[in-house]
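Have a look at the structure below, then the notes.
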Amino acid sequence: MKITKVEPFIVHLPLTSDSISDSTHSITHWGVVGAKITTSDGRSGYGFTGTHAHLASDRLITACIRDCYAPLLIGEDASDHSRLWRKLARNPALQWVGRAGITHLALAAIDVALWDIKAKAADQPLWSYLGGARTDRVEAYNTDIGWLSFGLADLLAGAARAVEEEGFSRLKIKVGHDDSNVDIARLSAVRERVGSGVRIAIDGNGKWDLPTCMRFCASARDLDIYWFEEPLWYDDVEGHAALARGTSIPIALGEQLYTVDAFRSFISAGAVSYVQPDVTRLGGITEYIQVADLALAHRLPVVPHAGEMSQVHVHLSYWHPASTILEYIPWIKDHFEEPIDVREGVYRRPEHPGAGTTVLESSFERYGKALA
């Protein structure tokens with residue numbers, strides 16, 4: 001399977017709401033930015049990273065794919081993914097300017113596309129190609145009902161709908177107001193509305209400092225919070241470790257970490273309980289597996305962040321023994337040949353060959369953006 005073509009793409013897809021905000025971001029579209037890789041036997045693999053649909057920076061990613069990685073890939077055997085990952089990730093010139101950020105997002109797209117090709121060539125869904133499912137049930141937690149920009153009435157209505165009509169037993173609510181007491185009031189109202197049987201996680205998106213988090217966690221002690229995600233600045237290992245020691249609420253993080261080494265630092269410091277790798281931020285599936293294995297070695301659960309909106313992660317969650325549950329955000333699911341499918345709060349296992357990343361041609365036509 002010699003690689004004959006590497007074609008970058010940018011697609012900006014609308015959200016399920018006109019716009020959403022958490023404590024640090026506001027967006028109206030989600031960016032699906034990546035590459036279609038074609039081989040000499042006519043197969044095509046798709047891989048992408050997830051962005052805030054900022055066209056200028058999305059074009060930096062596709063330029064890296066087109067101008068830096070594609071020349072290193074043409075003529076190579078697509079099945080040789082381990083060597084190709086290292087060839088790209090450790091290229092001296094690219095390593096000098098990268099190791100995270102744009103180059104790593106571009107690497108993620110390439111790596112996912114190569115895995116997609118390999119699973120398609122084997123005529124197996126990715127979870128089966130990797131060795132088979134180790135469970136018949138991956139629970140979903142619904143993040144799309146809990147944005148910080150939603151008023152209290154909409155927050156309560158969304159939480160009730162997710163639980164009572166859609167069958168979710170897990171929710172995630174965004175926190176991060178300047179006055180953390182506002183968040184306590186919102187969480188208290190949600191807890192009262194959905195009852196004690198629903199697991200509620202929270203996500204701060206790195207907004208607060210350590211004293212604010214300590215005060216908040218003390219006030220939230222009786223709300224039965226399942227985890228506190230990204231309470232502090234993303235790279236603050238010591239702060240997260242101090243918070244973990246100072247509260248009974250488990251700490252979750254990982255969506256902003258680019259390498260297995262970064263995860264190792266947090267795990268070694270006792271700064272994380274729920275490990276949240278993302279194939280779109282790490283160097284694709286190859287590095288995701290390294291992180292998931294690291295978490296397993298420390299007996300920590302893996303709960304992927306849905307930057308790829310769970311198209312790939314549902315395969316990895318069914319396969320990897322450290323996986324427990326998976327985030328659900330349905331923004332882009334209807335733009336793929338086999339969209340993620342959650343019923344009564346549980347992910348259906350994918351059955352199509354590949355990694356679930358084949359974008360519909362109609363979506364390219366309607367939402368695709370020019371590369372320059």
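If you're wondering where the values come from, they're calculated on a predicted model, not measured in any experiment.
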(request) Report the residue from Leu114, Asp80, Leu72 that forms a side-chain contact (heavy atoms from CB on, under 4.5 Å) with Ile3. (result)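 Testing Ile3 for a side-chain contact (heavy atoms from CB on, under 4.5 Å) against Leu114, Asp80, Leu72 leaves exactly one candidate, Leu114.
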
(message) Testing Asp111, Thr259, Leu107 one by one against Glu287 for a side-chain contact (heavy atoms from CB on, under 4.5 Å), which residue passes?
(response)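 So the option named by the test is Thr259.
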
May I ask you to decide if [Y]'s main-chain N or O and [X]'s side chain share a donor-acceptor pair within less than 3.5 Å?
X	Y	answer
Thr49	Thr280	yes
Ser310	Ala306	no
Thr247	Leu243	no
Thr357	Tyr46	yes
His25	Ser21	no
Tyr328	Phe168	no
Ser23	Gly176	no
Thr51	Ala53	yes

Same apolar cluster (I L V M F W Y, side chains within < 4.5 Å links), [X]/[Y]:
X	Y	result
Ile285	Phe263	yes
Leu223	Val190	yes
Leu253	Leu148	no

(request) Starting from the C-alpha separation in whole Å, work towards a yes-or-no answer on side-chain contact (heavy atoms from CB on, under 4.5 Å) for Val346 and Glu344. (result) CA-CA 6 Å; Val346 176; Glu344 294 299 313; 5.6 Å; no

(request) Output all residues satisfying salt bridge (Lys or Arg N to Asp or Glu O under 4.0 Å) with Glu338, sequence neighbours left out; order by chain, then residue number. (result) none

(message) Taking salt bridge (Lys or Arg N to Asp or Glu O under 4.0 Å) as the definition, give me every residue that meets it alongside Lys118, ordered by chain and number, with sequence neighbours left out.
(response)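 Expected list: none.
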
Do you know which two heavy atoms are closest between [X] and [Y], and how far apart they sit?
X	Y	result
Thr143	Glu327	OG1-OE2, 2.7 Å
Pro301	Thr324	CB-CG2, 3.8 Å
Ala269	Ala241	O-CB, 3.6 Å
Leu232	Asp209	CD2-C, 3.4 Å
Lys174	Asn205	NZ-OD1, 3.0 Å
Ala121	Met1	CB-SD, 3.7 Å

(message) Please tell me whether Ser57 and His54 have a donor and an acceptor in their side chains that are separated by less than 3.5 angstrom.
(response) yes

Regarding [X] and [Y], does a basic nitrogen lie under 4.0 Å from an acidic carboxylate oxygen?
X	Y	answer
Glu166	Arg161	yes
Glu164	Arg193	yes
Glu229	Lys172	yes
Arg83	Glu76	yes

Tell me if the centroids of the rings in [X] and [Y] come within less than 6.0 Å of each other.
X	Y	answer
Tyr129	His315	no
Tyr234	Phe266	no
Phe9	Phe364	yes
Trp227	Tyr141	yes

(request) Begin with the C-alpha distance, continue with both residues' side-chain angles, and end with the deciding distance and a verdict on side chain to side chain donor-acceptor pair (under 3.5 Å) for Asp144 and Thr16. (result) CA-CA 8 Å; Asp144 202 35; Thr16 49; 2.6 Å; yes

(request) Test Trp115 against Thr286 for side chain to side chain donor-acceptor pair (under 3.5 Å), laying out the working first. (result) CA-CA 9 Å; Trp115 279 97; Thr286 298; 3.1 Å; yes

(message) Check for me whether Arg349 meets the cation-pi criterion with Trp127, that is, NZ or CZ under 6.0 Å from the six-membered ring centre and within 45 degrees of the ring axis.
(response) yes

(request) Please determine if Arg170 forms a cation-pi arrangement with Tyr226, meaning its NZ or CZ atom is less than 6.0 Å from the six-membered ring centre and no more than 45° off the ring axis. (result) yes

(request) Please step through side-chain contact (heavy atoms from CB on, under 4.5 Å) for the pair Asp178 and Lys207, ending with a clear verdict. (result) CA-CA 9 Å; Asp178 291 337; Lys207 171 74 176 293; 3.3 Å; yes

(message) Does Asp179 have more than 12 heavy atoms from other residues, nucleotides or ligands lying within 6.0 Å of its CG?
(response)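 Yes - once you tally the heavy atoms of other residues, nucleotides and ligands closer than 6.0 Å, there are more than 12.
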
(message) Tell me whether Asp136 at atom CG has more than 12 heavy atoms from other residues, nucleotides or ligands lying less than 6.0 Å away.
(response) no

First locate atom [atom1] of [X], then atom [atom2] of [Y], and finally report the distance between them rounded to the nearest 0.5 Å.
X	Y	atom1	atom2	value
Leu13	Ile332	CG	CD1	6.5 Å
Ser363	Glu337	OG	CD	10.5 Å
Leu187	Ile200	CG	CD1	7.0 Å
Arg245	Met214	CZ	CE	9.0 Å

(message) side-chain contact (heavy atoms from CB on, under 4.5 Å), that's the test. Do Phe336 and Thr358 meet it? Break it down for me.
(response) CA-CA 6 Å; Phe336 294 87; Thr358 303; 5.8 Å; no

(request) Check the pair Tyr367, His335 against ring pair (Phe, Tyr, Trp, His ring centres under 6.0 Å), reporting the backbone distance first and the verdict last. (result) CA-CA 10 Å; Tyr367 297 108; His335 299 278; 5.4 Å; yes

(message) Using side chain to side chain donor-acceptor pair (under 3.5 Å), reason through His313 and Glu308 one step at a time and then give a plain yes or no.
(response) CA-CA 8 Å; His313 289 150; Glu308 39 61 275; 2.8 Å; yes

(request) Only pairs at least two apart or in different chains count here, so list each ring pair (Phe, Tyr, Trp, His ring centres under 6.0 Å) that has a residue in residues 197-224. (result) Trp208-Phe216, Phe216-Phe228

(message) So, applying side-chain hydrogen bond (donor to acceptor under 3.5 Å, both in side chains) with Asp58, which one of Lys369, His52, His12 is it?
(response)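 Checked Lys369, His52, His12 against Asp58; only one passes side-chain hydrogen bond (donor to acceptor under 3.5 Å, both in side chains): His12.
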
(message) Using side-chain contact (heavy atoms from CB on, under 4.5 Å), reason through Val312 and Val314 one step at a time and then give a plain yes or no.
(response) CA-CA 6 Å; Val312 182; Val314 66; over 6 Å; no

(request) Report yes if some heavy atom in the side chain of Asn91 is under 4.5 Å from a heavy atom in the side chain of Gln95; otherwise report no. (result) no

(message) For Trp147 and Trp331: C-alpha separation, side-chain torsions, deciding distance, then whether ring pair (Phe, Tyr, Trp, His ring centres under 6.0 Å) applies.
(response) CA-CA 13 Å; Trp147 301 107; Trp331 293 342; 5.4 Å; yes

(message) The test is side chain to side chain donor-acceptor pair (under 3.5 Å); show your working for Ser180 and Asp183 and say whether it passes.
(response) CA-CA 5 Å; Ser180 62; Asp183 296 286; 5.9 Å; no

